[in-house]
Amino acid sequence: QVQLVESGGGLVQPGGSLRLSCAASGFIFRSTAMGWYRQAPGKQRESVAVITRDGSTNYIDSVKGRFTVSRDNAKNTVYLQMNSLKPEDTAVYYCNRPGPLLSWGQGTQVTVSS
């Protein structure tokens, strides 16, 4: 049974940092590209960052230089280090396979506010 469990969100001031984690199970994690997605209130879910099985990364322009995606295949976990957070980064963050998508986890709320 596929399971994705996100954690690490919270309330942070602008300019602050958070590290999100996503623990995956039920599929061969090391052979699978993984991505982080986010959905802000009233907006569609968007892809934020992707890491291939080989460790190559890609980001949307708005987070380049601030966010870093990484993975630990021994722990079946993908991470998202978020620095210099902005209010517009406020959203529920999810991890998933870029395609075809797996069942979504519950996500983790990130709120950037003073």
Side-chain angles (χ1 to χ4, degrees):
Q1 180 181 357
V2 171
Q3 193 170 20
L4 299 168
V5 180
E6 301 91 349
S7 62
L11 173 63
V12 63
Q13 292 186 342
S17 298
L18 284 173
R19 188 192 194 207
L20 307 183
S21 299
C22 169
S25 60
F27 62 98
I28 304 176
F29 179 83
R30 66 181 182 274
S31 299
T32 305
M34 292 296 295
W36 281 96
Y37 301 76
R38 66 186 180 187
Q39 187 167 20
K43 295 187 177 181
Q44 288 191 331
R45 193 173 303 182
E46 64 174 349
S47 175
V48 174
V50 174
I51 184 166
T52 69
R53 60 183 183 178
D54 299 324
S56 298
T57 58
N58 196 20
Y59 304 90
I60 57 172
D61 287 345
S62 60
V63 307
K64 283 181 180 177
R66 301 189 298 120
F67 289 12
T68 302
V69 59
S70 61
R71 64 191 298 159
D72 185 336
N73 290 338
K75 295 182 178 180
N76 283 7
T77 300
V78 60
Y79 304 97
L80 186 66
Q81 177 67 44
M82 305 187 296
N83 299 327
S84 302
L85 282 161
K86 303 176 180 180
E88 51 263 44
D89 295 318
T90 295
V92 179
Y93 284 72
Y94 304 85
C95 67
N96 209 318
R97 182 172 63 183
L101 292 170
L102 303 168
S103 297
W104 293 97
Q106 83 288 349
T108 187
Q109 175 71 49
V110 172
T111 303
V112 185
S113 175
S114 55

For Trp104 together with Tyr37, are the ring centres under 6.0 Å from each other? yes

Taken to the nearest 0.5 Å, the spacing of Gln3 CD from Ser103 OG works out to 10.0 Å

Worksheet entry | Ile28 atom CD1, over 12 foreign heavy atoms within 6.0 Å | no

Exercise. Would you call Thr90 and Gln109 a side-chain contact if the rule is heavy atoms closer than 4.5 Å?
Worked result: yes

Can you confirm whether Arg53 sits close enough to Arg30 that some side-chain heavy atom of one is under 4.5 Å from a side-chain heavy atom of the other? no

Consider only side-chain heavy atoms of I, L, V, M, F, W and Y, link residues closer than 4.5 Å, and tell whether Leu85 and Trp36 are in one cluster.
yes

Quick check: do Val110 and Leu20 have side-chain heavy atoms less than 4.5 Å from each other? yes

* Do Arg38 and Val63 have side chains that get closer than 4.5 Å, going by heavy atoms? -> yes

Donor-acceptor pair, side chain of Arg45 and main chain of Val92, under 3.5 angstrom: no

Margin query: With clusters defined by side-chain heavy atoms of hydrophobic residues (ILVMFWY) lying less than 4.5 Å apart, directly or transitively, does Leu101 cluster with Met34?
Written below: no

Original post:
Looking only at atom types and distance, does a side-chain atom of Gln39 sit under 3.5 Å from a main-chain N or O of Ala91, one as donor and one as acceptor?
Top reply: no

When every non-hydrogen atom of Ser47 is compared with those of Val50, the smallest separation belongs to OG-CG2, 4.0 Å

Nearest heavy-atom approach of Arg71 to Ala33 is NH1-CA, 4.0 Å

Query raised in the report: When you look at Val5 and Gln106, which way does the side-chain contact (heavy atoms from CB on, under 4.5 Å) test go after all the steps?
Result: CA-CA 7 Å; Val5 180; Gln106 83 288 349; 4.3 Å; yes

Going hydrophobic residue to hydrophobic residue with side-chain gaps under 4.5 angstrom, can you get from Leu102 over to Tyr79? no

Has Arg66 got its NZ or CZ under 6.0 Å from the middle of the six-membered ring of Tyr59, at an angle within 45 degrees of the ring axis? no

Correct closest heavy-atom pair for Asn83 and Ser17 would be OD1-OG, 2.9 Å

ask   = So, are Lys86 and Asp89 salt-bridged, with charged N and O less than 4.0 Å apart?
value = no

Evaluate the side-chain proximity of Val112 to Glu88: yes if any heavy-atom separation is below 4.5 Å, no if none is.
no

In this structure, CZ of Arg19 is separated from CE of Met82 (nearest 0.5 Å) by 11.5 Å

Heavy-atom nearest pair, Gly8 first then Leu18, reads O-CD2, 3.8 Å

Heavy-atom nearest pair, Glu6 first then Tyr93, reads CG-O, 4.0 Å

Given the rule that I, L, V, M, F, W and Y join up when any side-chain heavy atoms are under 4.5 Å apart, are Phe67 and Val78 in one cluster?
yes

Smallest heavy-atom separation, Cys22 atom then Leu4 atom, equals SG-CD2, 4.1 Å

